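Notes follow once the structure below has been shown.
What you are looking at is a predicted structure, and each value in this text was computed from that prediction instead of being measured. Lettering follows sequence order; numbering is per chain, from 1.
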Amino acid sequence: MQSLVLSNTLSKKKEVFKPLDKNNIRMYVCGPTVYDFPHIGNARPLIVFDVLFRVLKKIFGGDSVTYVRNITDIDDKIIKSSNEKNIEFKKLTEEITKSFHEDCKFLGCLKPTFEPKATDHIDQMIEIIDTLLNKKYAYEQKGHVFFDISKFPSYGSLSKKTIKDLNAGSRVEISKIKKNPGDFVLWKPSKYNEPSWDSKYGKGRPGWHIECSAMSKKYLNTSFDIHGGGLDLVFPHHENEIAQSFCANEKFLAKYWIHNGYVTVNKKKMAKSENNFITINDLKKKYNGQTIRLAMLFTHYTQPFDWNEKILKDAKITLDKWYEFYIDDNIKINENNLTFLLDDLNIPNMITNIHKLYNYAKEGDLESAKQLNASCKFLGLFSQNKETWFKFNKKTSIKPEEINSLINERNNARKNKNFKKSDEIRDYLLKNNILLEDEANETKWKFKE
RNA sequence: GGCCACGUGGCGGAAUGGUUACGCAGAGGAUUGCAAAUCCUUUUAUCCCAGUUCAAUUCUGGGCGUGGCCUCCA
(Lines give C-alpha, C1' and ligand atoms only; values in the text may rest on other atoms or scores of the structure.)
Protein backbone atom coordinates (compact mmCIF):
# COMPACT_ATOMS: atom_id res chain seq x y z
CA MET A 1 0.00 0.00 0.00
CA GLN A 2 1.28 3.48 -0.76
CA SER A 3 2.06 5.63 2.24
CA LEU A 4 -0.18 8.11 3.95
CA VAL A 5 0.60 11.77 3.30
CA LEU A 6 -0.69 14.58 5.52
CA SER A 7 -0.49 18.39 5.50
CA ASN A 8 1.63 19.35 8.47
CA THR A 9 1.02 22.85 9.81
CA LEU A 10 4.50 22.81 11.30
CA SER A 11 6.24 22.58 7.92
CA LYS A 12 3.31 23.87 5.85
CA LYS A 13 3.94 20.96 3.54
CA LYS A 14 2.53 17.59 2.76
CA GLU A 15 4.64 14.99 4.55
CA VAL A 16 4.77 11.23 4.45
CA PHE A 17 3.38 9.93 7.73
CA LYS A 18 6.07 7.94 9.50
CA PRO A 19 4.83 6.73 12.89
CA LEU A 20 6.98 6.92 15.99
CA ASP A 21 5.95 3.35 16.70
CA LYS A 22 3.95 1.52 14.08
CA ASN A 23 2.40 -0.70 16.72
CA ASN A 24 1.22 2.25 18.74
CA ILE A 25 -0.09 5.14 16.67
CA ARG A 26 -1.14 8.06 18.86
CA MET A 27 -3.43 10.93 17.94
CA TYR A 28 -4.72 13.74 20.12
CA VAL A 29 -7.51 16.02 18.93
CA CYS A 30 -8.77 19.00 20.87
CA GLY A 31 -12.35 18.32 21.81
CA PRO A 32 -15.07 20.73 22.87
CA THR A 33 -15.23 23.18 25.70
CA VAL A 34 -18.63 22.22 27.00
CA TYR A 35 -20.26 25.57 27.64
CA ASP A 36 -22.79 25.68 24.83
CA PHE A 37 -24.36 23.38 22.24
CA PRO A 38 -21.98 22.49 19.40
CA HIS A 39 -22.44 24.22 16.05
CA ILE A 40 -21.50 22.88 12.66
CA GLY A 41 -18.14 24.61 12.82
CA ASN A 42 -17.43 22.36 15.76
CA ALA A 43 -18.67 19.39 13.76
CA ARG A 44 -15.98 19.67 11.11
CA PRO A 45 -13.00 18.48 13.14
CA LEU A 46 -15.14 15.69 14.57
CA ILE A 47 -15.79 14.40 11.08
CA VAL A 48 -12.36 15.08 9.61
CA PHE A 49 -10.44 13.39 12.39
CA ASP A 50 -12.95 10.57 12.52
CA VAL A 51 -12.02 9.78 8.91
CA LEU A 52 -8.32 10.06 9.75
CA PHE A 53 -8.86 7.71 12.70
CA ARG A 54 -10.49 5.19 10.35
CA VAL A 55 -7.63 5.50 7.87
CA LEU A 56 -4.99 4.97 10.55
CA LYS A 57 -6.84 1.94 11.88
CA LYS A 58 -7.05 0.52 8.38
CA ILE A 59 -3.35 1.00 7.71
CA PHE A 60 -1.90 0.02 11.07
CA GLY A 61 -4.61 -2.21 12.48
CA GLY A 62 -7.52 -1.31 14.70
CA ASP A 63 -5.77 -2.15 17.96
CA SER A 64 -2.66 -0.16 17.14
CA VAL A 65 -4.26 3.28 17.11
CA THR A 66 -5.04 5.35 20.17
CA TYR A 67 -7.24 8.35 19.58
CA VAL A 68 -7.69 10.80 22.43
CA ARG A 69 -10.22 13.59 22.26
CA ASN A 70 -10.58 15.57 25.45
CA ILE A 71 -13.50 17.39 26.99
CA THR A 72 -12.64 20.72 28.53
CA ASP A 73 -15.12 21.05 31.35
CA ILE A 74 -13.63 23.96 33.26
CA ASP A 75 -12.89 27.41 31.89
CA ASP A 76 -14.10 31.01 32.03
CA LYS A 77 -16.83 30.57 29.47
CA ILE A 78 -18.27 27.66 31.40
CA ILE A 79 -18.29 29.67 34.61
CA LYS A 80 -19.88 32.62 32.86
CA SER A 81 -22.54 30.48 31.23
CA SER A 82 -23.40 28.57 34.41
CA ASN A 83 -23.68 31.84 36.33
CA GLU A 84 -26.00 33.25 33.69
CA LYS A 85 -28.15 30.15 33.76
CA ASN A 86 -27.84 30.03 37.53
CA ILE A 87 -26.93 26.36 37.58
CA GLU A 88 -23.96 24.55 39.01
CA PHE A 89 -21.12 24.36 36.48
CA LYS A 90 -20.99 20.55 36.72
CA LYS A 91 -24.61 20.35 35.78
CA LEU A 92 -24.03 22.54 32.74
CA THR A 93 -20.98 20.62 31.54
CA GLU A 94 -22.75 17.30 31.98
CA GLU A 95 -25.73 18.47 29.99
CA ILE A 96 -23.62 19.84 27.14
CA THR A 97 -21.40 16.76 27.13
CA LYS A 98 -24.44 14.56 26.76
CA SER A 99 -25.67 16.64 23.85
CA PHE A 100 -22.19 16.56 22.33
CA HIS A 101 -22.15 12.77 22.46
CA GLU A 102 -25.53 12.63 20.76
CA ASP A 103 -24.19 14.91 18.02
CA CYS A 104 -21.13 12.71 17.50
CA LYS A 105 -23.32 9.68 17.09
CA PHE A 106 -25.69 11.57 14.82
CA LEU A 107 -22.78 12.52 12.57
CA GLY A 108 -21.58 8.93 12.39
CA CYS A 109 -18.33 9.37 14.32
CA LEU A 110 -16.61 6.48 16.03
CA LYS A 111 -15.88 6.85 19.71
CA PRO A 112 -12.31 7.87 20.45
CA THR A 113 -10.20 5.48 22.48
CA PHE A 114 -10.14 7.86 25.43
CA GLU A 115 -12.21 10.92 26.16
CA PRO A 116 -10.68 12.43 29.29
CA LYS A 117 -12.15 15.37 31.14
CA ALA A 118 -10.07 18.29 32.30
CA THR A 119 -11.51 18.28 35.82
CA ASP A 120 -10.35 14.69 36.31
CA HIS A 121 -6.75 15.73 35.61
CA ILE A 122 -6.11 18.72 37.83
CA ASP A 123 -3.31 16.85 39.62
CA GLN A 124 -1.52 16.13 36.36
CA MET A 125 -1.81 19.79 35.39
CA ILE A 126 -0.38 20.94 38.73
CA GLU A 127 2.48 18.51 38.24
CA ILE A 128 3.41 20.17 34.93
CA ILE A 129 3.03 23.64 36.41
CA ASP A 130 5.39 22.63 39.25
CA THR A 131 7.94 21.40 36.76
CA LEU A 132 7.72 24.63 34.77
CA LEU A 133 8.13 26.69 37.94
CA ASN A 134 11.10 24.64 39.06
CA LYS A 135 12.74 25.02 35.68
CA LYS A 136 12.00 28.77 35.73
CA TYR A 137 9.86 28.65 32.61
CA ALA A 138 7.01 29.95 34.71
CA TYR A 139 6.59 32.49 37.45
CA GLU A 140 4.07 33.22 40.19
CA GLN A 141 2.34 36.56 40.51
CA LYS A 142 -0.58 37.34 42.85
CA GLY A 143 -2.03 33.84 42.88
CA HIS A 144 -1.42 33.39 39.17
CA VAL A 145 1.17 31.25 37.51
CA PHE A 146 2.28 32.47 34.10
CA PHE A 147 4.33 30.82 31.41
CA ASP A 148 7.23 33.06 30.40
CA ILE A 149 7.34 32.94 26.61
CA SER A 150 10.66 34.74 26.48
CA LYS A 151 12.25 31.59 27.91
CA PHE A 152 11.18 29.55 24.90
CA PRO A 153 13.08 30.81 21.85
CA SER A 154 11.08 28.91 19.26
CA TYR A 155 7.79 30.29 20.53
CA GLY A 156 5.58 30.95 17.50
CA SER A 157 7.06 28.29 15.24
CA LEU A 158 3.71 26.63 14.59
CA SER A 159 1.78 29.79 13.77
CA LYS A 160 4.78 31.45 12.08
CA LYS A 161 4.69 34.36 14.45
CA THR A 162 7.42 36.00 16.43
CA ILE A 163 7.07 37.46 19.89
CA LYS A 164 8.03 40.82 18.43
CA ASP A 165 5.18 40.71 15.90
CA LEU A 166 2.73 39.67 18.55
CA ASN A 167 3.38 42.71 20.65
CA ALA A 168 3.04 45.03 17.70
CA GLY A 169 -0.71 45.45 17.54
CA SER A 170 -2.28 43.55 20.36
CA ARG A 171 -6.03 44.05 20.53
CA VAL A 172 -6.21 42.81 24.06
CA GLU A 173 -5.49 44.97 27.04
CA ILE A 174 -2.02 44.31 28.34
CA SER A 175 -2.07 42.77 31.78
CA LYS A 176 0.12 44.57 34.30
CA ILE A 177 1.00 41.47 36.27
CA LYS A 178 2.59 39.67 33.32
CA LYS A 179 6.25 40.07 32.44
CA ASN A 180 5.50 39.94 28.73
CA PRO A 181 2.08 40.61 27.23
CA GLY A 182 2.29 37.24 25.48
CA ASP A 183 2.76 35.26 28.66
CA PHE A 184 -0.19 32.97 29.26
CA VAL A 185 -1.76 31.77 32.43
CA LEU A 186 -1.17 28.26 33.72
CA TRP A 187 -3.08 28.73 36.96
CA LYS A 188 -5.38 31.51 38.07
CA PRO A 189 -7.15 32.31 41.32
CA SER A 190 -10.88 31.69 41.58
CA LYS A 191 -13.35 34.08 43.06
CA TYR A 192 -15.18 32.90 46.19
CA ASN A 193 -18.20 31.51 44.31
CA GLU A 194 -16.29 29.97 41.42
CA PRO A 195 -15.15 26.38 41.08
CA SER A 196 -11.71 25.95 42.56
CA TRP A 197 -9.07 23.42 43.44
CA ASP A 198 -6.43 23.63 46.13
CA SER A 199 -2.86 24.14 45.09
CA LYS A 200 0.34 25.50 46.57
CA TYR A 201 -0.21 28.65 44.49
CA GLY A 202 -3.56 29.15 46.16
CA LYS A 203 -7.14 28.14 45.55
CA GLY A 204 -7.79 28.41 41.88
CA ARG A 205 -8.25 26.76 38.54
CA PRO A 206 -6.14 25.88 35.53
CA GLY A 207 -5.58 28.17 32.56
CA TRP A 208 -6.88 27.27 29.16
CA HIS A 209 -4.01 25.34 27.55
CA ILE A 210 -2.57 23.23 30.31
CA GLU A 211 -5.31 20.58 30.26
CA CYS A 212 -4.30 19.33 26.83
CA SER A 213 -0.65 19.05 27.80
CA ALA A 214 -1.63 17.09 30.91
CA MET A 215 -4.07 14.74 29.26
CA SER A 216 -2.04 14.05 26.15
CA LYS A 217 0.91 13.18 28.37
CA LYS A 218 -1.14 10.83 30.50
CA TYR A 219 -2.75 8.92 27.64
CA LEU A 220 -0.18 9.23 24.85
CA ASN A 221 3.11 9.88 26.58
CA THR A 222 5.27 12.99 26.18
CA SER A 223 5.64 12.66 22.41
CA PHE A 224 3.05 11.35 20.02
CA ASP A 225 2.29 11.27 16.30
CA ILE A 226 -0.61 13.54 15.47
CA HIS A 227 -2.11 16.53 17.16
CA GLY A 228 -5.21 17.89 15.50
CA GLY A 229 -7.96 20.46 15.75
CA GLY A 230 -9.55 23.40 14.04
CA LEU A 231 -7.44 26.05 12.38
CA ASP A 232 -8.38 28.60 15.02
CA LEU A 233 -6.53 26.59 17.63
CA VAL A 234 -3.14 27.07 15.98
CA PHE A 235 -2.67 30.30 17.86
CA PRO A 236 -2.58 30.58 20.76
CA HIS A 237 -3.80 27.21 21.98
CA HIS A 238 -1.49 24.84 20.17
CA GLU A 239 1.41 27.24 20.25
CA ASN A 240 1.10 27.38 24.03
CA GLU A 241 0.70 23.65 24.36
CA ILE A 242 3.93 23.20 22.43
CA ALA A 243 5.74 25.72 24.63
CA GLN A 244 4.65 24.34 27.96
CA SER A 245 4.96 20.67 27.03
CA PHE A 246 8.35 21.07 25.45
CA CYS A 247 9.72 23.05 28.36
CA ALA A 248 8.32 20.63 30.92
CA ASN A 249 9.27 17.39 29.17
CA GLU A 250 12.20 18.48 27.03
CA LYS A 251 10.70 16.43 24.25
CA PHE A 252 8.69 17.49 21.23
CA LEU A 253 4.97 17.23 21.75
CA ALA A 254 3.67 16.00 18.40
CA LYS A 255 5.26 15.23 15.08
CA TYR A 256 2.36 16.07 12.79
CA TRP A 257 0.08 19.03 13.43
CA ILE A 258 -3.09 18.72 11.40
CA HIS A 259 -5.69 21.47 11.19
CA ASN A 260 -9.02 21.57 9.45
CA GLY A 261 -10.19 24.74 7.70
CA TYR A 262 -13.03 26.88 8.94
CA VAL A 263 -16.69 26.48 8.34
CA THR A 264 -17.78 29.84 6.96
CA VAL A 265 -21.09 31.56 6.28
CA ASN A 266 -20.99 33.95 3.33
CA LYS A 267 -17.21 33.50 3.47
CA LYS A 268 -17.06 34.69 7.07
CA LYS A 269 -15.92 32.36 9.76
CA MET A 270 -18.72 30.73 11.70
CA ALA A 271 -18.33 31.63 15.36
CA LYS A 272 -20.37 32.07 18.46
CA SER A 273 -19.17 35.65 18.74
CA GLU A 274 -20.26 36.45 15.17
CA ASN A 275 -23.67 35.01 15.92
CA ASN A 276 -23.72 33.36 12.51
CA PHE A 277 -23.74 29.79 13.73
CA ILE A 278 -26.14 26.90 13.25
CA THR A 279 -26.18 24.24 15.94
CA ILE A 280 -26.15 20.58 15.10
CA ASN A 281 -29.27 20.32 17.22
CA ASP A 282 -31.14 22.68 14.90
CA LEU A 283 -29.99 20.83 11.83
CA LYS A 284 -31.13 17.51 13.23
CA LYS A 285 -34.73 18.51 12.79
CA LYS A 286 -34.32 18.85 9.07
CA TYR A 287 -31.47 16.68 7.89
CA ASN A 288 -30.07 13.23 8.35
CA GLY A 289 -26.64 13.13 9.98
CA GLN A 290 -25.18 11.33 6.98
CA THR A 291 -26.32 14.15 4.71
CA ILE A 292 -24.46 16.67 6.85
CA ARG A 293 -21.46 14.40 7.04
CA LEU A 294 -21.25 13.93 3.27
CA ALA A 295 -21.78 17.65 2.65
CA MET A 296 -18.80 18.40 4.84
CA LEU A 297 -16.71 15.76 3.13
CA PHE A 298 -17.33 17.33 -0.30
CA THR A 299 -14.63 19.88 0.51
CA HIS A 300 -11.03 19.00 1.26
CA TYR A 301 -10.35 19.36 4.98
CA THR A 302 -7.67 22.04 4.58
CA GLN A 303 -10.00 24.32 2.60
CA PRO A 304 -12.69 26.56 4.00
CA PHE A 305 -16.14 25.06 3.88
CA ASP A 306 -18.77 27.65 3.06
CA TRP A 307 -22.06 26.63 4.57
CA ASN A 308 -25.23 26.76 2.50
CA GLU A 309 -28.37 24.76 1.94
CA LYS A 310 -27.54 23.91 -1.67
CA ILE A 311 -24.68 21.73 -0.52
CA LEU A 312 -26.98 19.83 1.79
CA LYS A 313 -29.38 19.31 -1.08
CA ASP A 314 -26.54 18.04 -3.27
CA ALA A 315 -25.48 15.68 -0.51
CA LYS A 316 -29.01 14.39 -0.09
CA ILE A 317 -29.43 13.83 -3.85
CA THR A 318 -26.10 12.02 -3.93
CA LEU A 319 -26.98 9.75 -1.04
CA ASP A 320 -30.39 9.01 -2.54
CA LYS A 321 -28.59 7.79 -5.65
CA TRP A 322 -25.95 5.78 -3.84
CA TYR A 323 -28.44 4.19 -1.45
CA GLU A 324 -30.16 2.55 -4.43
CA PHE A 325 -27.23 0.14 -4.36
CA TYR A 326 -27.14 -0.38 -0.62
CA ILE A 327 -26.07 -3.89 0.30
CA ASP A 328 -26.70 -5.14 3.81
CA ASP A 329 -23.36 -6.79 4.27
CA ASN A 330 -19.93 -5.95 5.59
CA ILE A 331 -17.71 -5.65 2.55
CA LYS A 332 -14.03 -4.82 2.83
CA ILE A 333 -12.79 -1.88 0.83
CA ASN A 334 -10.07 -2.74 -1.64
CA GLU A 335 -6.85 -0.84 -1.97
CA ASN A 336 -7.73 0.92 -5.24
CA ASN A 337 -10.71 2.58 -3.71
CA LEU A 338 -8.85 3.58 -0.58
CA THR A 339 -5.78 5.22 -2.15
CA PHE A 340 -7.53 8.58 -2.49
CA LEU A 341 -7.55 8.92 1.27
CA LEU A 342 -3.84 8.24 1.55
CA ASP A 343 -3.15 11.44 -0.37
CA ASP A 344 -3.83 13.88 2.46
CA LEU A 345 -7.39 12.58 2.89
CA ASN A 346 -8.48 13.55 -0.59
CA ILE A 347 -12.10 12.74 0.07
CA PRO A 348 -13.37 14.81 -2.89
CA ASN A 349 -11.46 12.47 -5.19
CA MET A 350 -12.78 9.48 -3.29
CA ILE A 351 -16.30 10.80 -3.84
CA THR A 352 -15.62 11.13 -7.56
CA ASN A 353 -14.51 7.53 -7.47
CA ILE A 354 -17.74 6.50 -5.76
CA HIS A 355 -19.66 8.23 -8.55
CA LYS A 356 -17.75 6.06 -11.00
CA LEU A 357 -18.54 2.94 -8.99
CA TYR A 358 -22.16 4.05 -9.02
CA ASN A 359 -22.17 4.28 -12.81
CA TYR A 360 -20.67 0.81 -13.16
CA ALA A 361 -23.12 -0.52 -10.61
CA LYS A 362 -25.95 0.90 -12.67
CA GLU A 363 -24.65 -1.03 -15.65
CA GLY A 364 -25.01 -4.13 -13.50
CA ASP A 365 -21.52 -4.60 -12.13
CA LEU A 366 -21.94 -6.24 -8.74
CA GLU A 367 -18.32 -5.79 -7.69
CA SER A 368 -18.64 -2.02 -8.19
CA ALA A 369 -21.82 -1.99 -6.15
CA LYS A 370 -19.98 -3.81 -3.40
CA GLN A 371 -17.08 -1.37 -3.44
CA LEU A 372 -19.52 1.52 -3.48
CA ASN A 373 -20.89 0.13 -0.24
CA ALA A 374 -17.45 -0.46 1.20
CA SER A 375 -16.33 3.07 0.29
CA CYS A 376 -19.41 4.69 1.77
CA LYS A 377 -19.14 2.68 4.95
CA PHE A 378 -15.47 3.50 5.24
CA LEU A 379 -16.34 7.18 5.15
CA GLY A 380 -18.90 6.62 7.88
CA LEU A 381 -21.87 6.77 5.51
CA PHE A 382 -24.45 4.03 4.87
CA SER A 383 -25.07 3.70 8.58
CA GLN A 384 -28.72 2.95 7.97
CA ASN A 385 -30.16 0.31 5.73
CA LYS A 386 -31.84 1.24 2.49
CA GLU A 387 -35.35 1.05 3.84
CA THR A 388 -34.68 3.28 6.83
CA TRP A 389 -32.79 5.75 4.69
CA PHE A 390 -35.62 6.29 2.25
CA LYS A 391 -38.13 6.58 5.04
CA PHE A 392 -36.14 9.11 6.97
CA ASN A 393 -37.96 12.28 7.77
CA LYS A 394 -40.65 11.58 5.24
CA LYS A 395 -43.89 13.24 6.06
CA THR A 396 -47.27 12.90 4.46
CA SER A 397 -50.78 13.00 5.79
CA ILE A 398 -51.93 10.29 3.39
CA LYS A 399 -52.00 6.66 4.44
CA PRO A 400 -50.37 4.08 2.16
CA GLU A 401 -53.72 2.36 1.53
CA GLU A 402 -55.18 5.63 0.36
CA ILE A 403 -52.20 6.23 -1.91
CA ASN A 404 -52.70 2.84 -3.51
CA SER A 405 -56.39 3.33 -4.01
CA LEU A 406 -55.79 6.76 -5.56
CA ILE A 407 -53.23 5.21 -7.88
CA ASN A 408 -55.81 2.63 -8.96
CA GLU A 409 -58.38 5.31 -9.48
CA ARG A 410 -55.94 7.30 -11.55
CA ASN A 411 -54.93 4.36 -13.68
CA ASN A 412 -58.58 3.63 -14.42
CA ALA A 413 -59.01 7.23 -15.47
CA ARG A 414 -55.95 6.94 -17.67
CA LYS A 415 -57.35 3.82 -19.35
CA ASN A 416 -60.49 5.80 -20.15
CA LYS A 417 -58.35 8.68 -21.37
CA ASN A 418 -59.73 10.89 -18.64
CA PHE A 419 -56.43 12.69 -18.29
CA LYS A 420 -57.91 15.67 -16.53
CA LYS A 421 -58.89 13.46 -13.62
CA SER A 422 -55.68 11.46 -13.65
CA ASP A 423 -53.61 14.65 -13.54
CA GLU A 424 -55.70 15.96 -10.69
CA ILE A 425 -54.95 12.87 -8.66
CA ARG A 426 -51.26 13.09 -9.47
CA ASP A 427 -51.15 16.76 -8.47
CA TYR A 428 -53.01 16.05 -5.27
CA LEU A 429 -50.51 13.37 -4.27
CA LEU A 430 -47.60 15.58 -5.25
CA LYS A 431 -48.88 18.28 -2.95
CA ASN A 432 -48.71 15.70 -0.21
CA ASN A 433 -45.10 14.88 -1.03
CA ILE A 434 -45.93 11.76 -3.05
CA LEU A 435 -44.31 11.51 -6.45
CA LEU A 436 -45.67 9.04 -9.00
CA GLU A 437 -43.64 7.15 -11.57
CA ASP A 438 -45.52 5.32 -14.30
CA GLU A 439 -43.64 2.27 -15.42
CA ALA A 440 -44.66 -0.15 -18.14
CA ASN A 441 -46.84 -2.38 -15.99
CA GLU A 442 -47.27 -0.55 -12.75
CA THR A 443 -47.24 2.85 -11.11
CA LYS A 444 -44.68 3.31 -8.37
CA TRP A 445 -44.67 6.06 -5.78
CA LYS A 446 -42.00 7.63 -3.65
CA PHE A 447 -41.55 10.62 -1.41
CA LYS A 448 -40.66 13.75 -3.25
CA GLU A 449 -38.22 14.84 -0.56
C1' G B 1 0.69 47.88 11.49
C1' G B 2 2.84 42.61 11.39
C1' C B 3 2.05 37.64 9.76
C1' C B 4 -0.79 33.98 6.90
C1' A B 5 -4.25 31.68 3.54
C1' C B 6 -7.25 31.71 -0.62
C1' G B 7 -9.09 33.45 -5.86
C1' U B 8 -11.09 27.24 -11.23
C1' G B 9 -17.59 27.13 -15.54
C1' G B 10 -24.51 29.20 -13.00
C1' C B 11 -23.28 26.52 -8.06
C1' G B 12 -20.10 22.95 -5.38
C1' G B 13 -15.25 21.11 -6.15
C1' A B 14 -10.44 18.11 -7.48
C1' A B 15 -6.18 17.90 -10.36
C1' U B 16 -2.25 19.22 -13.46
C1' G B 17 4.15 22.35 -16.88
C1' G B 18 1.12 20.05 -22.61
C1' U B 19 -4.32 15.87 -23.68
C1' U B 20 -8.94 21.09 -19.57
C1' A B 21 -11.93 15.56 -13.58
C1' C B 22 -16.41 14.78 -11.01
C1' G B 23 -21.39 16.11 -8.88
C1' C B 24 -25.59 19.50 -9.06
C1' A B 25 -28.08 22.79 -12.26
C1' G B 26 -29.01 24.13 -17.68
C1' A B 27 -29.87 22.71 -23.06
C1' G B 28 -31.29 19.10 -26.96
C1' G B 29 -33.07 14.19 -28.08
C1' A B 30 -35.24 9.14 -27.02
C1' U B 31 -39.34 7.52 -24.06
C1' U B 32 -44.42 9.21 -22.05
C1' G B 33 -51.49 10.90 -23.11
C1' C B 34 -48.68 14.78 -20.46
C1' A B 35 -45.25 14.20 -16.66
C1' A B 36 -41.81 11.66 -13.44
C1' A B 37 -37.92 8.26 -13.69
C1' U B 38 -34.37 6.37 -16.96
C1' C B 39 -31.06 6.50 -21.21
C1' C B 40 -28.21 9.25 -25.06
C1' U B 41 -25.95 13.86 -26.57
C1' U B 42 -24.33 18.64 -25.06
C1' U B 43 -22.92 24.38 -23.60
C1' U B 44 -20.07 27.10 -19.94
C1' A B 45 -13.96 28.10 -16.19
C1' U B 46 -8.74 28.49 -14.32
C1' C B 47 -8.88 37.23 -10.94
C1' C B 48 -5.35 40.86 -13.68
C1' C B 49 -0.30 42.12 -15.56
C1' A B 50 4.64 40.75 -16.46
C1' G B 51 8.63 36.90 -16.42
C1' U B 52 10.69 31.77 -17.06
C1' U B 53 9.41 27.94 -20.86
C1' C B 54 8.65 25.04 -27.18
C1' A B 55 4.28 25.09 -23.74
C1' A B 56 1.55 28.11 -17.43
C1' U B 57 -4.53 27.45 -14.80
C1' U B 58 -0.15 25.05 -12.61
C1' C B 59 6.42 27.84 -11.43
C1' U B 60 8.45 33.15 -10.21
C1' G B 61 7.49 38.47 -9.36
C1' G B 62 3.98 42.46 -9.00
C1' G B 63 -1.10 44.04 -8.62
C1' C B 64 -6.27 43.58 -7.32
C1' G B 65 -9.92 41.09 -4.45
C1' U B 66 -11.70 38.01 -0.33
C1' G B 67 -10.92 35.96 4.28
C1' G B 68 -8.08 34.58 8.78
C1' C B 69 -4.68 35.30 13.10
C1' C B 70 -2.14 38.92 16.43
C1' U B 71 -3.90 35.56 23.49
C1' C B 72 -12.92 34.08 23.38
C1' C B 73 -13.06 30.42 19.25
C1' A B 74 -13.23 23.86 16.31
Using residues 345-352 of chain A as the side-chain source, report each donor-acceptor pair under 3.5 Å to any protein atom, sequence neighbours left out, with the distance given to one decimal.
residue : atom : partner : partner atom : Å
A/N346  : OD1  : A/N349  : N            : 3.1
A/T352  : OG1  : A/P348  : O            : 3.2

Q: Measure the distance from CG on A/L435 to C1' on B/U38 and round it to the nearest whole Å.
A: 13 Å
Q. Does the B/A35 base have a donor-acceptor partner in the side chain of A/R426 within less than 3.5 Å?
A. yes
Q. Just wondering, are more than 12 heavy atoms of other shown residues or ligands nearer than 6.0 Å to OH in A/Y139?
A. yes
(Q) Would you say A/W445 places a side-chain N or O within less than 4.0 Å of OP1 or OP2 belonging to B/A36? (A) no
Q | Nucleotide-resolved protein contact map, nucleotides 14-28 of chain B, B/S/- at heavy-atom distance under 4.0 Å | A | SS-----BSBB----
Q | Gap in Å between the two P atoms, one belonging to B/U57 and one to B/C40, rounded | A | 33 Å
Q) Are A/K321 and A/Y358 in a cation-pi contact, defined as NZ or CZ under 6.0 Å from the six-membered ring centre and within 45° of the axis? A) yes
Q.
Applying side chain to side chain donor-acceptor pair (under 3.5 Å) to A/Q290 and A/S383, what does each step give before you reach the verdict?
A. CA-CA 8 Å; A/Q290 291 170 81; A/S383 51; 3.3 Å; yes
Q) If pairs are Watson-Crick or G-U with both distances under 3.5 Å, what is the dot-bracket string of RNA chain B, marking crossing pairs with [ ] and pairs to another strand with |? A) (((((((..(((.....[...))).(((((.......)))))....(((((..]....))))))))))))....
Q: Can you tell me the distance, in whole Å, between the CD1 atom of A/I149 and the P atom of B/C70?
A: 14 Å
Please produce a list of atom pairs where a protein N or O lies less than 3.5 Å from an N or O of nucleotides 63-68 of chain B.
residue : atom : partner : partner atom : Å
B/G68   : O2'  : A/Y262  : OH           : 3.0

**Q.** Contacts of A/H144 that satisfy ring-ring contact (aromatic ring centres under 6.0 Å, His included) - sequence neighbours left out
**A.** A/F146
**Q.** A/K272 NZ/CZ over A/Y35 ring centroid, <6.0 Å and within 45° of normal
**A.** yes
Q: Could you check how far CG of A/D103 sits from C1' of B/A74, rounded to whole Å?
A: 13 Å
Q. CG of A/N276 versus C1' of B/A74: gap in Å, rounded?
A. 13 Å
Q) Expressed in whole Å, how much space separates the C1' atoms belonging to B/A14 and B/U8? A) 10 Å
Q: With sequence neighbours excluded, give me every side-chain hydrogen bond (donor to acceptor under 3.5 Å, both in side chains) pair touching residues 95-111 of chain A.
A: A/H101-A/E115, A/D103-A/K284
Q. Quick one: the side chain of A/D306 and the base of B/G12, do they pair up donor-acceptor inside 3.5 Å?
A. no
